[in-house]
Each structure stands twice: as structure tokens, then as C-alpha cells.
Amino acid sequence: MTTPPSAHHPTGAGPTPESPAGHRAPEPARTARAHSFNAAAAQYAANRPSYPPALFDAIEDLTGRPLTGTRVADVGAGTGIATALLHARGADVVAVEPGVGMAAQFRRSLPGVPVIRGTGDDLPLADASVDLVTYAQAWHWTDPARAVPEALRVLRPGGALALWWNTDALDVPWIAEAAARTERHFGIDVSAEKRNVNARAADPTGRLDFTRRTVRWSRRVPVDTHLANIGSHSVFLVHGAEHTAAFLTAEREHLLRTFPDGFVEEVYEAVLLLAETPA
């Protein structure tokens, strides 16, 4: 669905319901943000970034087996961006998605892949039924105290839990400048995201032994695609149309001064956390 903690990143990574200190936002605000995507599912599907092949190479390397033939549960599947890539690698994927609007868009995009309604905190899957549980931009919407045991329940012996997020490359000057504008307009801490993409935040109980991999990649897109991408993140969706429109109008002017040809190079660091279960 989106990405980690309490900040919106100006290119690909969205906000999470946590503060920079890792404390969760009040449940009503968290729920509103989690459900905000359903009204913007088509915008989300059309404009969000994908994930690089090297990310899936890293999953295969860490698990020691190819994705081809692997039984995968892709949880918080959203519109199916990650699901489609797993399916293309030959995985046998079932998607789990709580949102009505997102699931409907998923079915339009991937009519041949099963999607069932549910959450990571209460997976609608049988015990020991999958080899790999994946969360692309979605783990931060779970309660790890519930989601970790649920993942372990549905995984077969020797299975793995893989969590990943696209995070913005804040060492790129234009991305850092855009992040600063986002912070000023929305009163958030953009750099909190990368601070909170770690094993301790993912599993505060310490039950899982995560290995971390980072893959840097980029995509070149029209300014309007970039703006539609960031506008599909929950911090924009819940702040009100007028407040968001004012930011996006001003941001378009900033970007066209930096990129007069009308195309931006979004640069990401895809962060993967993967933990295996005992064989």
C-alpha cells in the first residue's frame, strides 16, 4: 500500500502511521490514512513506481531458491504492483488486500491472479500454506505484535518473510530540496522514513532475525506523473483537496524550473528486510 514512518517522501515513498520515535499514531488517524487509498486506486496504479529486478534477485539469493514455483502470499497487495512482478518471476501468488477500492483495481489489472480480502494482522490463509510472505510498501500498516505471529503461522518450515519499501535518495539535491518543501507545507519529518526502515522497527519483539539489502534504482517520468505519484500518498489524500492542490501547484513550478524538459529522474533506494523461519 505505502511506506514507512510518519513522513511523506517527495518521490516514491509514502508516509506511515508512526512518528520518528517509532510510536504509532492514534488509531482513528491511522485508519483514515490506511483507507484513504481506496478512493485513489486508479491514480495509485497508474503512477506509483515499480521495483527493480535486483530486488527480486536479492530475495532469491537470501532464501537460496528461485521464485519460480514458490508459493507466495503478497500481503497489502494494493493494486498489484509487486504481485505482478512476483507472478512474472514464476511465483504462485495469492494476494491479500483489505481495501475495497484497491482490490477492485487489482482485479482489473491482474484478472488471473487470486486476491482475497484480509489483513496481515489476521491472515485468511491456512497454517503452513506458503513458502514466502511479502509486504511491499505495506508492513507499516500492520501491528507487528499480531502480524509477526500470523506470518510465522502461515509459513512452511524454512519459509521467509520479506518486507520492502522504495525510499527516496535524499543525497540527490533536487529530492532533498523537494523533501524540505514537503516538510514545511505538511509539518512532517521526511527523513524519519529511512531511520525507521530497520529490523527493530519492523519487529519490536526481536523474534525475527532480519537481513537487510538495499538496491538503488531510478526511473525517468514526466513531471505530471511524478506529481500524481506523490499525490497518491496518504498524507496528501487526508490533508484535504485544497491544501494538497496548493502544494502540488507550487511543486510543479519548482520542478519545471529544475527540469525544463518536463521530465524528472526519481531516484530510489529499495530497502529489503528478509527473515527466514527454522527449517
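Counting from 1, the numbers follow the sequence of the chain as shown. Everything quoted here is computed from the prediction, not taken from an experiment. Values below: all heavy atoms of this structure, side chains included; hydrogens, waters and symmetry mates excluded.
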Problem set entry | Test log, rule side-chain contact (heavy atoms from CB on, under 4.5 Å), inputs W139 and V197 | CA-CA 10 Å; W139 182 254; V197 180; over 6 Å; no
Exercise. Nearest 0.5 Å, what's the CG-CZ distance between L163 and R212?
Worked result: 11.5 Å
Exercise. Taking the side chain from T277 and the backbone from G159, do they hold a donor-acceptor pair closer than 3.5 Å?
Worked result: yes
Exercise. Which pair of non-hydrogen atoms, one from E60 and one from L67, has the smallest distance, and what is that distance?
Worked result: OE2-N, 2.8 Å
For this session: Could you list the residues that satisfy salt bridge (Lys or Arg N to Asp or Glu O under 4.0 Å) with R153, not counting sequence neighbours?
Result: D127, E150
Exercise. Between L161 and F210, is any pair of side-chain heavy atoms under 4.5 Å apart?
Worked result: yes
Seminar exercise, completed: For N229 and N47 the tightest heavy-atom approach is CB-O, 3.4 Å
Exercise. Does the side chain of I59 come within less than 4.5 Å of L62's, by heavy atoms?
Worked result: no
For this session: First locate atom CZ of F56, then atom CG of L86, and finally report the distance between them rounded to the nearest 0.5 Å.
Result: 5.0 Å
Problem set entry | N/O donor-acceptor pair under 3.5 Å between T167 side chain and E269 backbone | yes
For this session: Examine distances only and state if a side-chain atom of N166 and a backbone atom of S50 form a donor-acceptor pair shorter than 3.5 Å.
Result: yes
Problem set entry | Non-hydrogen side-chain atoms of I116 and L125 separated by less than 4.5 Å | yes
Problem set entry | Straight-line distance of I175 CD1 to E266 CD, nearest 0.5 Å | 7.5 Å
Exercise. In this structure, which one of L155, L152, D74, V96 forms a side chain to side chain contact (heavy atoms under 4.5 Å, CB included) with V133?
Worked result: L155
Exercise. Minimum heavy-atom separation for Y135 to T142, with atom names?
Worked result: CE2-CG2, 3.6 Å
For this session: Show the numbers, then the answer: is there a side-chain contact (heavy atoms from CB on, under 4.5 Å) between R89 and V72?
Result: CA-CA 11 Å; R89 297 282 292 230; V72 180; over 6 Å; no
Problem set entry | Closest heavy-atom pair and its distance - R48, R219 | O-NH1, 3.5 Å
Problem set entry | 4.5 Å side-chain heavy-atom contact, L110 and V93 | no
Problem set entry | For Y268, the option from W217, W165, W164 that meets ring pair (Phe, Tyr, Trp, His ring centres under 6.0 Å) | W217
Exercise. How about R213 and L274: do any of their side-chain heavy atoms sit closer than 4.5 Å?
Worked result: no
For this session: Check whether any side-chain heavy atom of F106 sits under 4.5 Å from a side-chain heavy atom of V113, and report yes or no.
Result: yes
Seminar exercise, completed: Between the CZ atom in F263 and the CG atom in D224, the distance rounded to the nearest 0.5 Å is 10.0 Å
Exercise. Would a distance-only check, ignoring hydrogens and angles, find a side-chain to backbone donor-acceptor pair under 3.5 Å from D121 to R146?
Worked result: no
Seminar exercise, completed: Sorted by chain and residue number, the salt bridge (Lys or Arg N to Asp or Glu O under 4.0 Å) partners of D131 (sequence neighbours excluded) come out as R156
Problem set entry | Interatomic spacing from CD in E97 to CD in Q105 - rounded to 0.5 Å | 11.5 Å
For this session: Indicate the atoms forming the closest heavy-atom contact of R117 with P124, along with that distance.
Result: O-CG, 3.7 Å
Exercise. Given side chains that start at C-beta, do those of H254 and E177 come closer than 4.5 Å, heavy atoms only?
Worked result: no
Problem set entry | Nearest-0.5 Å distance that lies between atom CG in D122 and atom CG in D143 | 12.0 Å
Exercise. Are V267 and V215 connected, step by step, through hydrophobic side chains (Ile, Leu, Val, Met, Phe, Trp, Tyr) whose heavy atoms are closer than 4.5 Å?
Worked result: no
For this session: Could you check if a side-chain atom of L132 sits within less than 4.5 angstrom of a side-chain atom of V130, using non-hydrogen atoms only?
Result: no
Exercise. Minimum heavy-atom separation for L273 to A202, with atom names?
Worked result: CD1-CB, 3.9 Å
Problem set entry | Flag for S218-E265: side-chain donor and acceptor within less than 3.5 Å | yes
For this session: Give the C-alpha distance, both sets of side-chain angles, the deciding distance and a yes or no for side-chain contact (heavy atoms from CB on, under 4.5 Å) between L255 and L227.
Result: CA-CA 10 Å; L255 292 172; L227 293 173; 4.0 Å; yes
